[in-house]
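All residue numbers in this chain count up from 1 along the given sequence. As the structure is a computational prediction, the values presented were derived from the model and not from experiment.
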Amino acid sequence: MASIDNIPNQDMLSKSNTSTQRDVRPESEQKQICEYHQAEDEIVEMRRHALEEIDHAKFGWFHIKTCLVAGAGFFTDSYDIFAINLCSLIMGYVYYADAQGSAANTTPTKIDMWVKGSTQLGCIIGQFLFGYLSDRLGRKRMYGVELLIIIVCTIGGSFAGNTARGLSVYWVLFIWRFVLGIGIGGDYPVSAVITSEFATTKNRGAMVAAVFAMQGFGIVAAAIVAIIVLACFRSAIDGDQLMLDYVWRIIMGLGVVPGIVALYFRLTIPETPRYTLDVEKDTHRAALDVQKSLGKHKQEDSSLRALLQSNVQPDVTATKPTWTEFYHHFKHWRHFKVLMGTAVTWFALDVAFYGINLNSSIILDAIGFAGNGSPYQKLLKNAGGNIILNLLGTLPGYWVTVFTIDRLGRRTIQFIGFTVLLILFCILGFAYHKILDKSVAGFVVLFTLAQFFQNFGPNATTFIIPSEAFPTRFRSTCHGISAACGKIGAVVAQLGFFQLKDRGGKNEFIPELIQIFALFMLVGLIFTWFVPETKGKSLEELSDEAER
């Protein structure tokens, strides 16, 4: 196998490529050029073999572990994001217990808006920042950093209190949850890309979907933990509702448990071979990473053995992705339209997804499902309502996607989801009062159907497609950009929901808000045309890297 330690200079190569005259170069120079091209061909062939080992590997324990480690982070993410939905309700009974009239026991609308929205604001920064750094510094180097941020900020937020200098508990919580959002946002591109780059072509959609589906368990877990903690404090709450101060802190603080469990595995996961090959240009280390990830039995594989024994290295030093390179790639319409499609569809989806799900407790109250009675009874019923909605709609939607996405295709599921959501939101929005007057149960059924098709639909596919459709050098950055656009949609939903929901009276504008959500589903449906179908194709085929 040829060595290319002494690479011919560019003038020599130019002579080789352009000369149509009689070759008058010295024989030694001709031999060196011949060896160079032979070595270059060997590098290309070894890269192809290494990637084929990943793409066509038998689904095994490493793939399961990758999904579990990445999924534990997403479980923590969703727990932290949606636990505030219940914690904010509980905090109203603690910090506004002495308020008068309708304001009693209720966190003021603007404060509720900023406490919930702070995490989304942090996510925007985290998704963009970690997406870029994961391409610039490597997936492995960034994996675990975001989880450390989540763990520290979750603990810090659960101990938030009024400060001596005048900051209220809500402002302290806002700061902690803003930084928490940076960690949660960072988890999106890094986990998605690592899972995608380690996955087999046949099961890649299911693997990335399974990681994202852990969100559903996190949402349900937040409500279950709330019920358990409320039950433990029942007698204390009935005696003094201010004891609820312990309840919301415990609910929030328990979110660190799965993160701590997953931290060690994230810090010790190998670098993805695709990053090692295409960015760091290290074929030997890529072979070691493939061997480590697929198992020791792969040592007997001839292509891996050739990689490990080879001294051939790339003819150029490793170069990190740059914004100039990014611009030159995406200035072409065929590349830019994909990024535009993934970003706009995620934005459109998250306007409705977070508008509905972060405020599900408000909607439950608006349709009369939250009930009356003591603080304990009202909070218990609200948490129970959230569990019912999510068990009926959210969780089944996620896992139907996991089991069908590699058969139906990502684009097909996204089209189905946006179309059905457009219809359901039109029904819920325009016939809101008519449905509620006839049957609250009927409204709940339609509402849970909407949650089902959010998750068996664009909520899953907008996460999966950006982890597949872009070149290795920009894959994490593009996923971060797309995810950040989604979180901008979440912020728009939060600001719009709280600013408009009480227009004309308490919760009176919710029907119109649902109609607005329907409009965004139409936008998502239109921009899905720019998104490619990624089913059954290697990552290199999807990003034109196979041709390169």
Check Ile219 against Ser78 and note the closest heavy-atom contact, atom names and distance. N-OG, 3.7 Å
Side chain to side chain donor-acceptor pair (under 3.5 Å) between Arg177 and Thr119, worked out: CA-CA 5 Å; Arg177 290 191 64 82; Thr119 311; 3.2 Å; yes
So, for His479 and Phe463, which heavy atoms are closest and what is the spacing to 0.1 Å? NE2-O, 3.0 Å
Could you check whether Thr472 and Arg475, counting side-chain N and O atoms only, form a donor-acceptor pair closer than 3.5 Å? yes
Using a 3.5 Å distance criterion without hydrogens, assess whether the side chain of Thr154 forms a donor-acceptor pair with backbone atoms of Ile150. yes
OG1 of Thr342 to NZ of Lys337, rounded to nearest 0.5 Å, is 13.0 Å
If you measure from OG1 on Thr76 to CG on Leu180, what distance do you get to the nearest 0.5 Å? 10.0 Å
Mind running side-chain contact (heavy atoms from CB on, under 4.5 Å) on Ile481 and Phe128 for me, showing each step along the way? CA-CA 6 Å; Ile481 291 171; Phe128 184 81; 4.0 Å; yes
pair Phe452-Val420: side-chain heavy atoms closer than 4.5 Å: no
What distance do Leu421 atom CG and Phe517 atom CZ have between them, rounded to the nearest 0.5 Å? 12.0 Å
Least distance between heavy atoms, Asn390 atom then Pro396 atom: O-CD, 3.9 Å
Evaluate Val338 against Val531 for side-chain contact (heavy atoms from CB on, under 4.5 Å), listing each step before the verdict. CA-CA 5 Å; Val338 177; Val531 173; over 6 Å; no
Side-chain contact test, heavy atoms from C-beta onward, threshold under 4.5 Å: evaluate it for Ser134 versus Tyr275 and give yes or no. no
Spacing of Phe353 atom CZ and Trp346 atom CH2 [to the nearest 0.5 Å]: 11.0 Å
Can you tell me if Phe330 has over 12 outside heavy atoms packed within less than 6.0 Å of its CZ? yes
With rounding to the nearest 0.5 angstrom, report the CD to CD distance, Glu533 to Gln414. 10.0 Å
For the backbone of Leu137 and the side chain of Lys320, can you confirm whether one donor and one acceptor N or O come within less than 3.5 Å of each other? no
Is any side-chain heavy atom of Phe130 less than 4.5 Å from a side-chain heavy atom of Tyr188? no
Residues forming a side-chain hydrogen bond (donor to acceptor under 3.5 Å, both in side chains) with Ser88, sequence neighbours excluded: Asp112
Under 3.5 Å donor-acceptor, Asp406 side chain and Gly205 backbone: yes
Any heavy-atom pair between the side chains of Pro458 and Phe453 that's under 4.5 Å? no
Can you tell me how the ring of Tyr79 sits relative to the ring of Phe75, calling it parallel under 30°, perpendicular over 60° and tilted otherwise? parallel
Interatomic spacing from CD1 in Ile260 to CG in Leu148 - rounded to 0.5 Å: 10.0 Å
Can the ring centroids of Phe415 and Trp529 be said to lie less than 6.0 angstrom from one another? yes
Please confirm whether the backbone N or O of Gly429 pairs with a side-chain atom of Gln515, one donor and one acceptor, at under 3.5 Å? yes
Tell me the closest heavy-atom pair linking Ile269 and Tyr143, and the distance in Å. CG2-CD2, 3.6 Å
Donor-acceptor under 3.5 Å (Glu468 side chain, Pro466 main chain): no
Where the side chain of Arg136 meets the backbone of Pro321, is there a donor-acceptor pair that is under 3.5 Å apart? yes
Could you check whether any side-chain N or O of Ser467 sits under 3.5 Å from a backbone N or O of Ser196, counting only pairs where one atom can act as donor and the other as acceptor? no
Might you work through the side-chain contact (heavy atoms from CB on, under 4.5 Å) test for Asn203 and His63, ending with a clear yes or no? CA-CA 10 Å; Asn203 300 309; His63 299 105; over 6 Å; no
Report yes if the side chains of Phe336 and Lys331 come closer than 4.5 Å at any heavy-atom pair, otherwise no. no
Side-chain contact, heavy-atom cut-off 4.5 Å: Met252 with Leu173? yes
Closest approach of Gly397 and Thr401, non-hydrogen atoms and distance? O-OG1, 3.0 Å
Take Cys67 and Ile64, measure what side-chain contact (heavy atoms from CB on, under 4.5 Å) needs, and give me the verdict at the end. CA-CA 5 Å; Cys67 291; Ile64 296 172; 5.9 Å; no
Contact check, side chains of Thr345 and Thr461, non-hydrogen atoms, under 4.5 Å: no
Test item: Phe212 and Asn459 side chains (from C-beta on) under 4.5 Å apart, heavy atoms: yes
Would you tell me whether Tyr398 and Gln215 have side-chain atoms, one donor and one acceptor, within less than 3.5 Å of each other? yes
So which heavy atom on Ala493 is nearest to which on Val351, and how close? CB-O, 3.0 Å
Should the ring pair Trp323 and Phe326 be called parallel, tilted or perpendicular, given that the plane angle runs from 0 to 90° and is split at 30 and 60? perpendicular
Just by modelled atom types, is the Glu197 backbone N or O under 3.5 Å from a matching donor or acceptor in the Arg274 side chain? yes
Residues forming a side-chain hydrogen bond (donor to acceptor under 3.5 Å, both in side chains) with Asp187, sequence neighbours excluded: Ser191, Arg266
